[in-house]
Amino acid sequence: MRASQKDFENAMNQVKLLKKDPGNEVKLKLYALYKQATEGPCNMPKPGMLDFINKAKWDAWNAIGSLPKETARKNYVDLVSSLSPSSESSGRVDKEPGSESVVITSEDGITKIMLNRPAQKNAITIQMYQEILSALEATSKDDNSVITVLTGNGDYYSSGNDLTNFTNLPPGGIEEVAKTGSILLRDFVDCFIDFPKPLIAVVNGPAVGIAVTLLGLFDAVYASDRATFHTPFTQLGQTAEGCSSYTFPKIMGPAKAIEMLIFGKKLTAHEACAQGLVTEVFPDSTFQKEVWARLKAYAKLPPNAMRISKELIRHNEKEKLHAVNAEESTALQGRWLSEECMNAIINFLSRKSKL
Ligand SMILES: CCCC/C=C/CC(=O)SCCNC(=O)CCNC(=O)[C@H](O)C(C)(C)COP(=O)(O)OP(=O)(O)OC[C@H]1O[C@@H](n2cnc3c(N)ncnc32)[C@H](O)[C@@H]1OP(=O)(O)O
């Protein structure tokens, strides 16, 4: 059945009423179909490499080719109707629990820092880095907090850095984004290096990028057998961070570290445990119950003894780790300006590639 001009206009109005953000992929499809329906095949000059958003839009429109205006109009109406408020309320679209992207709770001497963007696989935004950093600083000074846990809500632990962090360009352009990103990364990782109390990762599902590399700075890593560990830095035109260029070869030996950090080999939870990156793996069905019971018991141990032991174990390495962190952050600043990295981010945003 054809879609009339009236149907098309109604659909355009419905888009504005959507309660839930339909996500970048759908927004690009809507944009492309709208342009095709109103202007026909893509007739704009291709935007430059650094103009991420317009380039993604151009790619989406151009990909439709010579689809007739009529068909584009109908496809637009059908797509909007599949996203309309009635289908949102019918339960077809998952609603995210909570609205905060980082949820911090304290109970029984345990401070839990939970990444809470399950629909985005707990990808870490700039604001989330800042919130985690502030939470770590606060809990390190809180006498009631004995151990600190980082975990994720939903099926992922975290998909690492939010790749849209680099797409909102300030007046200083991509150079400014790279510079501020590098400073933030350095401060963020420094905070993990200096954290004085037991720091535990409860890895509830797959982990990517910085969510994996930081594990080398934790005191214990408990993983569900559903978790995987993936550092696709080369595929992204990027380089190792989170001190992993030092901690990973130390933990698992250079040969295994290189497979992960240079070639992007993804490890299962059991493989990561065998390499020494993970402390213990639990069946997913009993993971939360077993891990939290254990953590509650650990949080009853004498806090000062734990803190002093951690200092004894870690202090010889601190200076080295800070130097490594500084080097890695500088290297990444350069990488974020590279064509290899920009292409990888554009490909992800226009969904030509997935890991
Ligand atoms: C300033 C400090 C910088 C520190 C630098 C750190 C470096 C890194 O961490 S590098 C690692 C970066 N992460 C990635 O490259 C992962 C990219 N994501 C994926 O490949 C896939 O999304 C996935 C394999 C994690 C999951 O695939 P799946 O098919 O199950 O789900 P999707 O439909 O792809 O994802 C759902 C939803 O979530 C959005 N999303 C997921 N991960 C990210 C991310 N890292 N950045 C931005 N957005 C992400 C994805 O786009 C989907 O959103 P829409 O529903 O809106 O399309």
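The first residue in the sequence is number 1, and the count goes up from there. Atoms within a ligand are numbered from 1 in the order they appear, just like the ligands themselves.
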Item to check | Ligand-residue contact atoms, ligand 1 with Q238, heavy atoms, under 4.0 Å | outcome: 7 (C)
Checklist outcome for this item: Filtering A240, P206, S159 for the heavy atom nearest atom 13 (N) of ligand 1 leaves S159
Item to check | Whether D162 lies under 4.0 Å from ligand 1, heavy atom | outcome: yes
Next on the checklist: Please check whether F166 reaches ligand 1 - meaning an N/O of the residue sits under 3.5 Å from an N/O of the ligand, judged on distance alone.
Outcome noted: no
Checklist entry - What atoms of ligand 1 come within less than 4.0 Å of a heavy atom belonging to G160? => result 9 (O)
Next on the checklist: If only side-chain N and O atoms count, and only distance matters, is there a donor-acceptor pair under 3.5 Å linking S4 with D7?
Outcome noted: yes
Under 3.5 Å, which donor-acceptor pairs link side chains of residues 41-48 to any protein atom two or more places apart or in another chain?
none

Checklist entry - Would you call K296 and E107 a salt bridge, taking side-chain N to carboxylate O under 4.0 Å as the test? => result no
Checklist entry - What part of F188, side chain from CB on, backbone N/CA/C/O, both or neither, has a heavy atom under 4.0 Å from ligand 1? => result neither
Item to check | Atoms of ligand 1, numbered as shown, that sit under 4.0 Å from any heavy atom of Y129 | outcome: 1 (C), 2 (C), 3 (C), 4 (C)
Next on the checklist: Under 3.5 Å, is there a donor on one side chain and an acceptor on the other for N161 and Y129?
Outcome noted: yes
Item to check | Residues that E131 engages under side-chain hydrogen bond (donor to acceptor under 3.5 Å, both in side chains), provided they are two or more places apart | outcome: Q127
Checklist entry - Is there a heavy atom in Y156 that sits closer than 4.0 Å to ligand 1? => result yes
Checklist entry - Could E328 and R335 be called an ion pair, given the rule that one side-chain N must be under 4.0 Å from one carboxylate O? => result no
Checklist entry - Are the ring centres of F192 and F218 closer than 6.0 Å? => result yes
Checklist entry - At under 4.0 Å between heavy atoms, which part of L236 makes contact with ligand 1: side chain, backbone, both or neither? => result side chain
Next on the checklist: Using a 4.0 Å cut-off to any heavy atom of W336, which atoms of ligand 1 qualify?
Outcome noted: 3 (C)
Checklist entry - D219 and R314: salt bridge (Lys or Arg N to Asp or Glu O under 4.0 Å), yes or no, with the steps? => result CA-CA 10 Å; D219 302 304; R314 299 276 184 191; 3.0 Å; yes
Checklist outcome for this item: Closest to atom 36 (C) of ligand 1 by heavy-atom distance, out of G181, S158, A123, A119, is A119
